[in-house]
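Read the structure below first, then the notes.
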Protein chains: 2
Amino acid sequence: MPGDEYPRPLVTVDVVIFTLHEEALQVLLVRRKNPPYAGMWAIPGGFIEIDEPLETTALRELEEETGVCDVHLEQLYTFGDPGRDRRGRVITVAYLALLPADRAAIRPGDDAAEARWWPMNALPPLAFDHDRILACARERLRSKLEYPATLAALLPEPFTLNQLRATYETILGEKLERIRFRRLMIAARVLREVGIEHRTVRGRPAKLYRFREDAEAKARRILL
Amino acid sequence: MPGDEYPRPLVTVDVVIFTLHEEALQVLLVRRKNPPYAGMWAIPGGFIEIDEPLETTALRELEEETGVCDVHLEQLYTFGDPGRDRRGRVITVAYLALLPADRAAIRPGDDAAEARWWPMNALPPLAFDHDRILACARERLRSKLEYPATLAALLPEPFTLNQLRATYETILGEKLERIRFRRLMIAARVLREVGIEHRTVRGRPAKLYRFREDAEAKARRILL
DNA sequence: ACAAAAGTGTTGAGAGTACACCCATGC
DNA sequence: GCATGGGTGTACTCTCAACACTTTTGT
């Protein structure tokens with residue numbers, strides 16, 4: 001066959017999956033069982049099968065290692081520097097996924113010894129160049145804030161405007177002005193009012209919203 | 001070695017390189033010498049060497065096949081569907097590059113029988129899934145219009161505002177209002193005045209501009 | 001009644017558009 | 001001079017930030 005004279009690297013697919021929990025951005029990591037880096041934490045992922053689309057590999061490995069399934073994937077970046085894996089030339093196609101807090105319960109699978117959420121601002125030492133991959137994922141997540149509807153995958157619906165604002169604040173790592181945020185979101189026409197909150201603490205109950213199904217609109221000026 | 005039990009696909013790196021010529025967006029393609037798809041047109045690219053970073057492969061193949069060198073590359077997307085290449089499982093990491101018109105002279109290399117620029121609106125039939133890759137590249141290029149400074153790589157500097165507008169119009173495929181465009185570009189503060197055009201035809205000579213070196217600023221509202 | 005949280009009205013500054021207009025050149 | 005393309009002045013519109021304000025709840 002024609003390709004036989006060319007070197008064949010190994011190819012893995014890794015998945016950075018984020019959720020929000022306790023006012024912090026969290027990422028799902030697995031503890032590696034096998035060398036290299038046995039015992040260290042890493043992004044879930046694994047080698048491709050020969051007849052398997054890349055996204056299928058991503059979903060399969062994610063479920064095998066963490067029990068998480070049924071998420072939307074977005075291709076992030078491909079990391080292929082020689083030397084990034086001691087096992088030889090390994091090229092990794094990284095994907096990004098988001099999980100709403102109410103689905104963030106995880107069950108470690110058999111491929112990995114252990115799986116748990118880690119806050120992005122207090123990560124353990126990571127295997128391979130996974131710190132670089134996480135930095136890349138964080139950037140991508142930030143850029144998604146311009147399109148509020150993409151955060152649907154990160155919020156339990158319905159939500160209040162203040163929950164949405166807290167989400168933005170967590171991802172941006174800075175405070176946003178309450179009234180300004182409200183007005184910009186309303187002006188972006190991406191939300192649909194679906195009722196009113198049931199208050200358990202003092203204060204006026206907030207309106208509840210969902211994202212409009214057709215909402216691709218961009219919220220200008222949210223980032224600042 | 002640990003990875004030996006896993007399937008090893010072939011990996012190629014392909015480069016979509018655009019230029020502007022005669023009011024049209026052009027892409028550099030090579031005619032394939034070898035099967036599969038021998039004689040058909042394809043994006044320049046080739047198989048990785050085992051110790052070579054992906055970008056190095058991209059630059060090497062580009063130069064070998066077309067003579068183009070010294071360009072800035074941006075990773076575009078990784079295409080890995082099984083069945084996209086008859087030779088077996090081939091995963092392709094696609095890159096995007098831009099070339100100013102005054103450097104668009106090309107010299108076909110020995111890897112490919114022939115290389116030439118094709119206008120994006122009159123492409124020949126393409127090998128593999130390269131039509132998909134081109135569609136992806138075109139989208140990415142469009143999205144770059146929000147950051148005018150990235151077009152520096154596509155324009156001979158210095159340039160007039162009308163040349164810049166023509167660039168936008170070509171990429172967008174629609175006319176932009178002259179005065180509106182001028183004012184938005186000036187307001188974006190990404191340009192530096194560097195002199196005045198030498199007129200050969202009738203009309204007032206235009207001012208010449210370069211992009212400011214520090215200009216990452218975003219020009220809002222250009223796209224419409 | 002009061003504190004707390006949610007939501008609204010209003011004003012003023014600034015950005016963007018559309019129009020008419022002025023400027024510099026070749027013929 | 002005048003046609004042609006480049007550049008500016010101006011007035012009107014629209015958006016958005018900042019402020020004070022009202023509404024709705026739990027205690």
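Here is the naming used below: chain letters follow the sequence lines, and residue numbers restart at 1 for every chain.
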Listed nucleotide nearest any side-chain atom of B:K207, set D:dG7, C:dA6, C:dT17: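 Of the options given, the side chain of B:K207 lies nearest D:dG7.
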Under 3.5 Å side-chain donor-acceptor pair for B:E52 and B:T57: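 Indeed, the side chains of B:E52 and B:T57 share at least one donor-acceptor pair under 3.5 Å.
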Nearest-Å distance for atom pair [atom1]/[atom2], residues [X] and [N]:
X	N	atom1	atom2	result
A:F181	C:dG7	CZ	P	12 Å
B:E197	C:dA24	CD	C1'	12 Å
A:L208	C:dA6	CG	P	12 Å
A:I186	D:dC16	CD1	P	13 Å

Pairs touching residues 11-20 of chain B that satisfy salt bridge (Lys or Arg N to Asp or Glu O under 4.0 Å), sequence neighbours left out: none
Pairs where residues 158-171 of chain A contributes a residue and the test salt bridge (Lys or Arg N to Asp or Glu O under 4.0 Å) is met, not counting sequence neighbours: A:R165-A:E169, A:E169-A:K175
Taking only residues two or more places apart in sequence, or in another chain, which ones meet [X] in a side chain to side chain donor-acceptor pair (under 3.5 Å)?
X	value
B:T92	B:T12, B:R84
B:R199	B:E197
A:R140	A:E74

Side-chain N,O (A:N162) to OP1/OP2 (C:dA6) below 4.0 Å: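 Checking A:N162 against C:dA6: at least one side-chain N or O falls below 4.0 Å of OP1 or OP2.
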N/O contacts under 3.5 Å, protein versus nucleotides 25-27 of chain D?
residue, atom, partner, partner atom, Å
D:dT25, O2, A:G203, N, 3.3

Are there any protein N/O atoms within less than 3.5 Å of an N/O atom in nucleotides 18-21 of chain C, and if so, which ones and at what distance?
residue, atom, partner, partner atom, Å
C:dA18, N6, B:R183, NH1, 2.8

Those residues that, when tested against B:Y37, pass ring-ring contact (aromatic ring centres under 6.0 Å, His included) (two or more places apart): B:F128
Residues that B:T170 engages under side-chain contact (heavy atoms from CB on, under 4.5 Å), provided they are two or more places apart: B:L20, B:L25
